[in-house]
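What follows is a short report on a single structure.
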Amino acid sequence: MAHRGGVADVLWEARREKLLRALRDVFGHQGFRGKQEEAMREVSSGHDALVVMPTGGGKSLCYQLPAVVADGVCVVISPLIALTEDQLRGLYEKGVEAASLTSSSASRSRAAAVMDDILAYGGGSGSGHSTKEGVTSEKGGPNSRADGARAAPKIKLLYVTPEKLAKGGELTTALAGLAKRGLISLLAVDEAHCVSTWGHDFRPAYLELGAFRKKHLKGVPCLALTATATEEVCADIKKQLGFREGSRVLKTSFNRAEIHLSVHYKDAMDGGALEHLVGFLRERRGQSGIVYCHKRDTAEELAKALNRALREESLLDGGKAFLAMPYHGKMSDHDRTEAQAKFMSGEVDVIAGSVAFGMGVDKSDVRFVVHWDLPKSMEGLYQELGRAGRDGSKAVSVVYHSRETVGLLAFLARKPRPLAGKEKGTEAGRKRRRRASLKAVKAVDSVVAYCEKQGCRRKALLAHFGEVPGAPAAAAAAGQKKRGPATASAGSSKSSFVPTDICRGTCDWCGGERERIKTDLLKLAGARAGGGWMGVGVRDLGGRAGASGKGGGKGGGGAPQDDSGWDAKRYYRLAGEEDGGSSDDSGQCPWPLSATKRTTGTGWSGSRPRRKEKRLQTPSGSSGGRGVARTSSEAGKRPASAAQKPPAARRSGAGGSGGGGAVADLFAQMFSGKGSGGGGGGKGMPDATANPSAAAAAKWREKPDRQQEHRSSGSGGNSFVVGGVQASSSGSTHKRKSGQHEAGPQQQQHRRRKDAADGHHPSPAPSLAPTLVSSGGGVDGHLTRRAGGERGAPAPRGNGGGSRRAD
Ligand SMILES: Nc1ncnc2c1ncn2[C@@H]1O[C@H](COP(=O)(O)OP(=O)(O)OP(=O)(O)O)[C@@H](O)[C@H]1O
């Protein structure tokens, strides 16, 4: 909203002085950061605003400071009250009255006092409690000056979950009453991306906030805050929260220059990923860090393994005893609180935890964030890595990539999303659910793209959020539009301009690790070519595929180097949504719920996940490139049929996916009903002579030690069957390596003729069907090795063979 000069400026100057004084006196800071000042100006002028600032950027202050100087209560919507405890503690230490309303018994008396306080002023009668916090609640509202001095509740910040707010009752009455009396200074919506189904953490109850605000908090300005929002998510947040026309989005650069970015490939590691992690931590002895993993068991095992590996030697060194602790949702409140407190105090060096850890934890000296499992989205990655280096000093982000986790995430992405109550059973709900699944698939795909990129990671990360190095804002916006909603971002904002030399060696690619990355990716491609890998494409090594996804089977699954490779429209088309929605009204995703896609030579056949044991017993290797061999009960079940294909695929009869994103390709192929690129099923080992990359890969595999490593190390894998459709690295692999784009149709025809003339059979294009069956996502394989000194038994492996067992 444009600011008019004159009176508005004068008023603002006066308010600004007041805010600056409180900033110094209460918070101990000397000046504003980022968009803090602008955000405060907006809300103190009664406008709505959306703040998009990086993690650790100082978003909380945008509502805390105005709340301190204003009369009345600032209502803060937060997704997890337990995680605001740190904030509350911080505010308490600063002498600011703040509270959260929780149902935990520990805080029940406090909550009662808080309710009394606001009810006394918000129109209720209060319960007449008087508590040791000194919150009085004699009957009567502000007009009666209950405590003889205050005309507003004592509480300055009230934290509630959206679920609590949606429940109605006393709290709604009190807040509505306060709003009527002008005693709600601000509605702050933290983690506002949860409002949007396009956000990475959609929370149905957040959808109710807009209606609540309209009904009960009329005239109260709203400040929404998030660290991660694309342009589309920003627009959705504004719409859902009922922002007034012209409300501003205040955005700073997403760049966290102090955080070094790197990716390591579990599947390509000679020594095993756990050893690698131990080495990494050994170099950072005494530093604080977080290791994120998806599963509770993994968190537990990892913490144990790290203690086993590092504690003793830290004691021998006479230094501080190394200590890692797990943190996950299945731990008791007490254990979680203890882990967090010890981490905050520095007693615990490393938390091996689920993504629940860190939200709301303001530890400024976290020096590294490790993603032991691939994160679910770029937004998640960004948010989690942002927990490092909040003090502005150097920190490190490491992602461990593994194809198994990609498979698990792809599977989870297809699971139906939760719907808000009123949407259950409606067409709108079904549509939203489908879109949410598509979004989740797309999200995984962009993380895979980030990991498998041969190029600057910082640029890739920033590009995801619409910050295109070297491009003026308009060009950035145009570029983003082409890529579709997931990557679209605030190109219209001037702050999206990024200098071309943004990285300066602060990622692995720019910082001298190109050869390592190339070699590792080549190993992945090689392993894939041997049929031992899930069939999703290794980016930048696979051929570039047309984003159109039209049938006809262009090979390759990679994306161009500086492109996310995602064309969302294509997937809507495939899901039958482009022209008004799929005819599939089952309410499920338009693809079968299964991670057990198994591609045969004639196409895919879906099956619901079967018992793991069955899969583990599947013989492998002898099937001549059939990918995962089937148990007899599985064989022949659910054959590919037109009826199983989603509507668009049925309509088009598409023959191949045309490639694109890795996970996306996986779906494209499911939809298409045939092997991507027409490659379809496995046909044994790749024709190494026809393809330099395949030759290199074959050579690599020929080494006995490599074979051993490849079979048994890999991915921390435990109970996996990783098989694949035979996927040879096509000629395009070679081309991609040399930085060229995929050949057009004429060039391809020429190449085929040339191949025929040379007596080469053209290599089948990499088939991109997912064949990953299960994911332990854990550390078992490596742990076993550490503990028992032995590697997992190598699975029998055949020519172009399918299954691989890591344990
Ligand atoms: N103007 C400022 N000057 C100096 N330090 C500041 C300023 N504003 C905030 N900080 C400090 O920056 C750190 C991060 O702030 P804050 O927790 O508000 O970030 P955030 O953007 O809310 O992060 P997250 O998204 O992780 O919750 C805190 O330690 C805070 O004290």
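Whatever order the structure lists ligands and atoms in, that order sets their numbers, starting from 1.
- Ligand 1 lies less than 4.0 angstrom from a heavy atom belonging to Gly31.
- A donor-acceptor contact under 3.5 angstrom links the side chains of Glu384 and His371, judged on distance only.
- Considering Gln36, Glu191, Arg33 only, the shortest heavy-atom separation from atom 8 (N) of ligand 1 involves Gln36.
- Proximity of Val75 to Leu186: side-chain heavy atoms (C-beta onward) are nowhere separated by under 4.5 Å.
- Under the 3.5 Å distance criterion, with hydrogens and angles disregarded, no donor-acceptor pair is assigned to the side chains of Arg296 and Ser354.
- For ligand 1, the polar-atom distance check finds no N/O of Thr55 at less than 3.5 Å from any of the ligand's N/O atoms.
- Side chains of Leu183 and Pro153 form a contact here, defined as non-hydrogen atoms less than 4.5 Å apart.
- Among Gly386, Ser60, Gly34, the residue whose heavy atom lies nearest to atom 16 (P) of ligand 1 is Ser60.
- In this structure, Gly90 falls outside the shell of residues with a heavy atom less than 4.0 angstrom from ligand 1.
- The atoms of ligand 1 that sit less than 4.0 Å from any heavy atom of Pro54 are 21 (O).
- The option with the heavy atom closest to atom 25 (O) of ligand 1, from among Lys363, Gln30, Lys59, Gln383, is Lys59.
- Considering backbone and side-chain N/O of Gly57, one or more are found under 3.5 Å from N/O of ligand 1.
- Side-chain contact of Ser397 with Arg256: a donor-acceptor pair under 3.5 Å is absent, judged by distance alone.
- Using a 4.5 Å heavy-atom cutoff, the side chains of Phe357 and Ile290 are in contact.
- Among the candidates Arg248, Arg213, Lys238, the single residue satisfying the side chain to side chain donor-acceptor pair (under 3.5 Å) test with Asp48 is Arg213.
- For Arg390, the closest heavy-atom approach to ligand 1 falls below 4.0 Å.
- Ligand 1 has no nitrogen or oxygen under 3.5 angstrom from a nitrogen or oxygen of Phe32.
- At a heavy-atom cutoff of 4.0 Å, ligand 1 is contacted by no atom of Ser364, backbone or side chain.
- Side-chain contact between Val160 and Leu171 is present, with at least one heavy-atom pair separated by less than 4.5 Å.
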